[in-house]
Amino acid sequence: MPKELPPQYNPKDVEDKWYKLWEKKGFFQAKIDKKKKPYTIVIPPPNITGELHMGHALNNTIQDILIRWQRMSGKEALWLPGTDHAGIATQNVVEKQLKREGLNRHQTGRAAFINKVWRWRNEYGRTIIKQLKKLGSSCDWSRERFTLDEGLSEAVKEAFIRLYKKGYIYRGRYIINWCPRCLTALSDIEVEYTEEKGRLYYIKYPLKGTKDEFIAVATTRPETMLGDTAVAVNPRDKRFKKLIGKTVILPLQNREIPVLADDFVDPKFGTGAVKVTPAHDAADFLVGQRHRLEAPVVIDRQALMTAEAGSPYQGLTREKCRQQVVEDLIKEGLLLKEEDYLHAIGKCYRCHTVVEPHLSLQWFVKMKKLAEPAIKAVKSKKIHFFPPRWEKFYLSWMKEIKDWCISRQIWWGHQLPVYYCRRCRKKIGDKPEDTKTGIIVSRIKPDKCPVCKSKEIEQDEDVLDTWFSSALWPFSTLGWPKKTRDLGYFYPTSALVTDRGIIFFWVARMIMMGLEFIKNIPFKHVYIHGTILDELGRKMSKSLGNGIDPLDMINRFGTDAVRFSLISLTSEGQDVLLSESKFEMGRNFANKIWNLARFVLRNLNDYRPLTKNLKIEEFNPADAWIMSRLERIIGQVETSLRKYRFNEAALSIYNFLWHEFCDWYLEISKIDLGEKNHRRITQEILCRILEKSLRLLHPFAPFITEEIWQKLPHQGETIMLAPWPRVNHKLINPAAEKSMAVLITIITAVRNLRGEINIAPAEKVDILIRTTASSSRRIILENNQILKNLAGIKDLRIKNKIEKPKLCATAIVNKFEIFMPLEGLIDIQKEKERLKKEIDRTKEGISQVEIRLLNEDFLQKAPRDVVEKTKNSELQLKAKLDKLDTSLKTLI
RNA sequence: GUCCCGUUAGCUCAGCUGGUUAGAGCGCCGUCUUGACAUGGCGGAGGUCGUCCGUUCGAGCCGGACACGGGACACCA
C-alpha cells in the first residue's frame, strides 16, 4: 500500500542512497545478450587532473539520458567509462608538486618520476569519477578503463607497430611547435592563437660590394635574424628583380647571405622582402628546404640564445635578445623604423607559454591515406553528425589534413615502442633521417640487435601524444587487439557525444583509426552539443573566475534540478549562456513533481488496484483527455530523443506534467475523488499517469523519479529497468481532447472576465452561456461541476436561446457567448475602458482577416482548410465586435 | 581573408514541412495563504521577429544584399 512522502523534497536524502543501490545491484552493467540489441556509448575520457565543470555536466547528462532511455527501451546498454592520462597536464601537476619540494624531474630521474605520477594518479586521479557519480551517470564501472592501463598500452603498441609496418609512421627533422616551458613538441592544433600588440621592425640588410645600398626587410622577431640564411623576394616583384642572386651582409653577424626568389613572399606586405630563418619559422623552413639553405639554430629548447647566435647574445632569453638586437641595430644605423603591429601569437594550449618554432627530430603519422576512408564514411552517411553542419566542418579539415606529429618530449605517457641499436646507429653517424638502420620497432625490448647482435639497445625517450591512445579508445576499451566477445558485440558504438572543440583532436582520429584497425566505423552518430558560457557569453575559466561549479549547484539545487535545467537550456548544439539562477527552474520543477506525488499518494489511502484493465467506457472526458495527452507526449518525447532534441523532449514532459496534469487534471480530480462511483477510477488514473510520466522523466531526472516511483504501485525492482513507455494508440482520443478543449476554453474565458473586471477569486459569479452547438452543450452540462469549481461559478445556465442581461461582461469564444451579469459587481467606468480596448483589439483582428479574404488569389490558391478557418474567424470576430458594441451601448 | 553560428518580450531562449491575432522560463504589475505545491495558484502588462530588397495569394521561417554580435580555420615575414 502507498507510503508517505516527506513534505519537502530533499535531494541529499535520496541521491546517494539510490546511486549506491543501483551500483551495488549491478544495474549499470551490460552483458552480452544475443537476444538483445546493443547500444553503446564510450565516454569521452576526462583527464585525471580534471575537476567536473559545467561542460562535463552537460556532456555526461546527455550521455546518461541516451543510455538510460535505451536501457529502458530494452537495449543492452553499455556506457563505458574511463579516464585519460593527459600527458602534459598531469606531468605539469606533478612537476609543480616536485618544485614545491625544491626538485625537478631531471633530478629524480625518469623511473622515480613516473612512479610519483602513478602515486599521484592513484591518490587524486579518480576525483572526476566520483564527481561523475554525483551527477547520476549510469556507467558500467566494472569496465572502467584508463588510457595507460595494461590493456590499452598493449593496444597502443600494437597500433604503432602496425602503422609503422605499413609505412605510415616515419621519423623526420621538421619544424614543429615547441613549448619552451613544457619542453615538448605540440601538434598544430595544440597551439592557441591570441591577438596581441607587437612591433614590426624594418631592418636594412646592406648589399655586398656597395657603399650604402641595402634591401629592407620587416620582422616582428628581430632576434631570429641571427639565424638568417637568406632574404627572399617575390619573383614577379619588379622592385627587386635586379637584386635576385645578389648577396647581402647579414647585420650583427657579418655573414653573407643570398637574395633569392620564392612565390610565398607577398609583395604587398612589409617591404616586400623577407628575411629567411629556416630553423625558427615554419614558412621559412619550407623555403629553406626548397632552396637547400643551412638552418643554424640560434634559439634552444628553453628559448635561450645558443652559441650559434654569437656574443653578446648567447644565453639571453629570446625577449632580452630582441631588445639587444634592436639596440645594436640602432647603434649601427640599420633600423629603418618600427611600427605597432597587431598579430596573432601562438601559445601552448596547456600552459599558455609563447610557442617557439623549433627544428627537431620527431615521429609523424602520414595522414592522407588514413583520411580517405574516414572522409568516405561520413560522405556516404555511415556516420551522421548532429547537427549536420559539423559534417562540412569535418570534411573541410580532412581534405587538407597534415601529417600528425605524435612524439612528445615528456615522460608521462606511452613510451614509443622504438629501440635503437647504438652500434648500428654509430656506423651511419646517427643520421636521424635514416629510419631503417639500427631502428627496431618492437612490443618488448629486444635482447640484442637483429643485425649486429649488439646488446647496446636503448628505447626512444619520447612518449606518444595523448591523443594517440585516445584515437583508439572506442575499441581499445573493448579489448582490442584481442578479438574479444565484447568487441564483436558492442562495436561499433552507437553514439559519440562531445564538444566541437575536439572534432579534430579526437573525433576525426577515432574515425580514421577505427576504419584502419577494425575496418569499421567507431560510432554511427556524433552529437556535438553547445559550449557552456557565462552570462556575458564568455568561456568559463579559472582565470576569469566566472565558472559555475556544477557540484556547488548540485549541492544547492539537487542533481536532478541541475540536469533538467541544463538540458532544457540547450537546443541543438547552440551555446548556452548560463547563470546560477537558471537552475531554479529545475529545482522548482522537482518541487512540483514532489508535491504532485504527495497529492496522489495522499489520495490513495483506500486504493485497491484494479484487477481488470481500465475500461475506456468508464472514463469521463477529463480522464480520457489526460490519458490521450500522455500518449501524445510519449510519442513526442520519443521523436525528440531520436533527433537529439533533448530540450524539446524535456520541455514536453515539463509542460505536460505541470500545465496539463497538475493545472487541470489534478484540479478536476479533486471533484472526481469525492464522487463515490468515480473515486476508484480517478485514483487509478492518477496513479497510472504519474507512474508512466516518471518513467518518461527518469532519464532526465533519475533520482526523484526513482524515489517517488518506489512509493507508487509498480512492477519491477527499479525504475531504471522499467519499460520505456510506448505509445498506446488506443488511448489517443481526439473526441475527448476536443471536449476538454471546450471546457478549458470556457473556464479560461470566465477567468479572464473575472480577472479583467477584478473580481476576487473567492467571490462566486453567475454565468449564462448561449450556444447553438448541442454537443458542446452536452459536454458543459455533464461537466457542470468542473466548470463551477474551476471558474468560481455560483450558478451556471446554458441554453440555445438565452436573454442577455442588461449589464454584463461578454466573452465570445468558439461557438459560445458567455455572459457574466455585473449588477453590483463593477465600476462602470472601468468596464467601459475595458470594452473599448477589447473593441480595438477585435477591430484590428478583423481588418487583418479582411485584407486576406479580399484577396482573390488567396481564395483560389490557399488550401481549403486555411480558407475555411479564416472565414470562420472573420465571422466570429464580427460577432464579437457586435456584442462588445452593444455591451458598451448598454453601459452608456 | 574563407567558412560557420546567431540577431524573436526587460533578460535567456523555443518556434520542426511558409497558413487564424507569434510562444516558454525568469523578471515586472495585480491578486490569493483554499487540505499537493508561495520553489505555488489565478489574472495582466510587455514584441514594427536586426535592416532593406525579392519570391509567394500569404514570410519570423525561403532567396539576395547589408549591419551588428560570437566562433572556427588560414595568413600574419
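To find a chain, count down the sequence lines: A is the first, B the second, and so on, and within it residues start at 1. What you are looking at is a predicted structure, and each value in this text was computed from that prediction instead of being measured.
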Query raised in the report: Which is true for A:N752 with a 4.0 Å heavy-atom rule: it touches a base, it touches only sugar-phosphate, or it touches nothing?
Result: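 Answer is sugar-phosphate: A:N752 comes under 4.0 Å of backbone atoms only.
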Query raised in the report: Starting at the 5' end of RNA chain B, which residue's closest nucleotide do you reach first, A:D575 or A:Y9?
Result: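 Per heavy-atom nearest nucleotide, the more 5' residue is A:D575.
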Requested in this report: Please figure out whether A:E667 or A:A232 has its closest RNA chain B nucleotide nearer the 5' end.
Outcome: A:E667
**Report entry** Nearest to side-chain heavy atoms of A:N855, which nucleotide of B:C5, B:C37, B:C57
**Finding:** B:C57
Query raised in the report: Where does RNA chain B pair, written as one dot-bracket string 5' to 3', with Watson-Crick or G-U pairs under 3.5 Å, ( ) inside the strand, [ ] for crossing pairs and | for another strand?
Result: (((((((..((((.....[...)))).(((((.......))))).....(((((..]....))))))))))))....
**Report entry** NZ/NE/NH1/NH2 to OD/OE distance under 4.0 Å, A:D281 and A:K275
**Finding:**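 A:K275 and A:D281: not salt-bridged.
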**Report entry** Stepwise ring pair (Phe, Tyr, Trp, His ring centres under 6.0 Å) test for A:Y9 and A:W594
**Finding:** CA-CA 6 Å; A:Y9 175 54; A:W594 188 255; 4.9 Å; yes
Report task. State whether A:F858 and A:R852 meet the cation-pi test: NZ (Lys) or CZ (Arg) under 6.0 Å from the six-membered ring centroid, and within 45° of the perpendicular axis. Result ->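 Checked: cation-pi criterion met.
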Requested in this report: State which residues pass salt bridge (Lys or Arg N to Asp or Glu O under 4.0 Å) with A:K843; sequence neighbours excluded, sorted by chain then number.
Outcome: none
Using residues 787-794 of chain A as the side-chain source, report each donor-acceptor pair under 3.5 Å to any protein atom, sequence neighbours left out, with the distance given to one decimal.
{"residue": "A:N789", "atom": "OD1", "partner": "A:Q785", "partner atom": "NE2", "Å": "3.1"}

Report task. Check side-chain contact (heavy atoms from CB on, under 4.5 Å) between A:R239 and all other residues, then give those that pass, not counting sequence neighbours. Result ->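 For A:R239 the side-chain contact (heavy atoms from CB on, under 4.5 Å) partners, ignoring immediate neighbours, are A:D237, A:P267.
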Query raised in the report: Along nucleotides 15-27 of chain B, 5' to 3', which nucleotides get a B, which get an S, and which get a -, given that the test is a protein heavy-atom distance under 4.0 Å?
Result: S---BBB---S--
Could you list, one pair per line, each protein nitrogen or oxygen that sits under 3.5 Å from a nitrogen or oxygen of nucleotides 47-50 of chain B, together with the distance?
none

Requested in this report: Could you check how far CG of A:L666 sits from C1' of B:C37, rounded to whole Å?
Outcome: 10 Å
